[in-house]
Amino acid sequence: MNRFSVSIPTGRFDLELCASSGQVFRWQRLDDGTWLGVDGDHWYRVLLPPTDTPVRTRDSLKYVAKEKGPGGEEIFEVESNASREDFESLFRLDLDAEEVEAEIVRRAPELEPYMGTLAGLRLMEPSDPVEIFFAFLCTPNNNIRRITQMVRKLAAYGLVMDTVQGNELHRFPEAEVIAAIPEQELRSAGFGYRGRTIPSLANQLIERGGRAWLESLKSAPYEDAHRELKAMKGIGPKLADCIALFALHHTEAVPVDTHIWQALCRLYFPEWKDKAPTDQRYETAAAHFRSKLGDLSAWAHQYLFYDNVLNWRTRN
């Protein structure tokens with residue numbers, strides 16, 4: 001096991017916000033206040049720095065005292081089977097979030113009000129495309145809490161990687177394992193219709209080459225990767241964009257779910273308010289956002305998405 005410290009300028013990294021914002025689904029807060037997460041072959045147990053900054057969560061605003069490191073930094077203490085570099089890669093800590101946000105505002109000034117409301121939210125880069133592929137198959141017509149439960153159940157089919165503070169951690173199973181899960185077994189576990197679609201898509205993934213095929217799509221142009229994913233029976237435009245973004249790291253992807261649709265209609269397409277996002281409207285809205293933000297589309301998308309999750313009742 002490795003132990004290391006990570007220092008980040010104050011307010012530029014909020015692990016709790018990142019881990020609970022619908023990008024990944026294998027993180028949990030332990031009883032001692034630390035956060036435990038799994039990413040591919042790696043696990044992390046993180047002691048968060050105290051904070052006196054108000055942090056907006058789904059349930060409340062939390063205020064606790066902040067302890068700053070040298071130079072106005074926050075220090076995250078990490079235990080892991082991985083390296084500091086792996087941790088930094090997962091949360092894209094090589095990027096200066098302040099510079100990224102400033103560039104987003106330069107390209108799309110209308111997004112400035114959203115940049116300050118979720119300080120420390122970062123676009124993540126999960127390491128295992130197979131894990132993320134199946135995690136997002138659990139997302140349609142669902143909420144973050146139920147998705148997390150489903151992903152945890154799928155992960156339990158994988159080999160045990162380690163046990164940390166009584167929590168058994170599993171490597172996510174390969175597509176061949178998931179393809180063999182009986183439909184009724186998943187339905188009995190609360191997956192509903194996904195008990196049929198998840199094994200079906202596991203078989204389709206195997207037919208295309210499995211993990212190697214997904215890895216090859218990382219280096220393909222975004223449009224090609226999106227088209228290949230949509231060719232799979234059971235994957236539509238939004239789900240293809242989710243997989244392209246979080247599994248394949250195509251940062252031009254703009255998954256237009258209910259929350260993003262509401263935000264884009266509010267910002268750019270008021271004439272579509274209260275109208276359904278047809279395929280044509282989906283393509284038009286996503287392309288418009290992409291034309292403004294380019295390779296920062298996904299980062300800006302994450303701010304809009306989670307802001308709307310938290311504030312959709314009060315946004316005009």
Taking [X] for the side chain and [Y] for the main chain, is one N or O donor matched with an acceptor at less than 3.5 Å?
X	Y	answer
His170	Gly158	yes
Arg187	Gly195	no
Ser21	Leu17	yes
His226	Ala253	no
Asp39	Glu125	no
Thr34	Leu30	no
Asn167	Val164	yes

Hey, is [atom1] on [X] packed in by over 12 heavy atoms from elsewhere, all under 6.0 Å?
X	atom1	result
Asp32	CG	yes
Gln280	CD	no
Gln165	CD	yes
Glu98	CD	no

Would you indicate whether the side-chain heavy atoms of [Y] and [X] approach each other to under 4.5 Å?
X	Y	result
Phe133	Ile235	yes
Phe191	Leu154	yes
Arg122	Gln23	no
Ile144	Ser20	no
Asn308	Ile260	no
Glu101	Arg12	yes
Gln302	Met124	no
Arg194	Leu137	no

NZ/NE/NH1/NH2 to OD/OE distance under 4.0 Å, Glu228 and Arg208: no
Salt bridge check, Arg266 against Glu110: does any charged N sit closer than 4.0 Å to a carboxylate O? no
If you apply the rule side-chain contact (heavy atoms from CB on, under 4.5 Å), what do you find for Asn141 with Tyr193, and how did you get there? CA-CA 11 Å; Asn141 306 309; Tyr193 71 88; 3.4 Å; yes
May I ask you to check whether [X] and [Y] show a side-chain donor-acceptor distance below 3.5 Å?
X	Y	answer
Thr258	Gln262	no
Ser83	Asp86	yes
Tyr222	Asp241	yes

Is it true that Phe25 and Phe136 have ring centroids separated by less than 6.0 Å? yes
Do you reckon [X] sits in the same ILVMFWY cluster as [Y], going by side-chain contacts under 4.5 Å, direct or chained?
X	Y	answer
Leu15	Trp43	no
Val46	Met161	no
Leu310	Leu304	yes
Val130	Met232	yes

Just do the side-chain contact (heavy atoms from CB on, under 4.5 Å) check on Ile104 and Trp299 with the steps written out, would you? CA-CA 9 Å; Ile104 287 173; Trp299 196 296; 3.7 Å; yes
Could you check Phe269 against Phe289 for ring pair (Phe, Tyr, Trp, His ring centres under 6.0 Å), going step by step and ending with a plain yes or no? CA-CA 11 Å; Phe269 302 100; Phe289 198 70; over 10 Å; no
Can you tell me how the ring of Phe13 sits relative to the ring of Phe76, calling it parallel under 30°, perpendicular over 60° and tilted otherwise? tilted
Taking every non-hydrogen atom, the tightest pair across Thr10 and Glu74: CA-OE1, 3.7 Å
Apply side-chain contact (heavy atoms from CB on, under 4.5 Å) to Phe4 and Ser80, showing your working. CA-CA 8 Å; Phe4 51 87; Ser80 178; 4.2 Å; yes
Output for pair (Arg107 CZ, Lys292 NZ), nearest 0.5 Å, gives 11.5 Å
Checking side-chain contact (heavy atoms from CB on, under 4.5 Å) for the pair Phe172/Ile178: CA distance, chi angles, key distance, verdict? CA-CA 10 Å; Phe172 200 86; Ile178 294 178; 3.6 Å; yes
Trace of the side-chain hydrogen bond (donor to acceptor under 3.5 Å, both in side chains) decision for Glu85 with Ser89: CA-CA 6 Å; Glu85 290 73 22; Ser89 176; over 6 Å; no
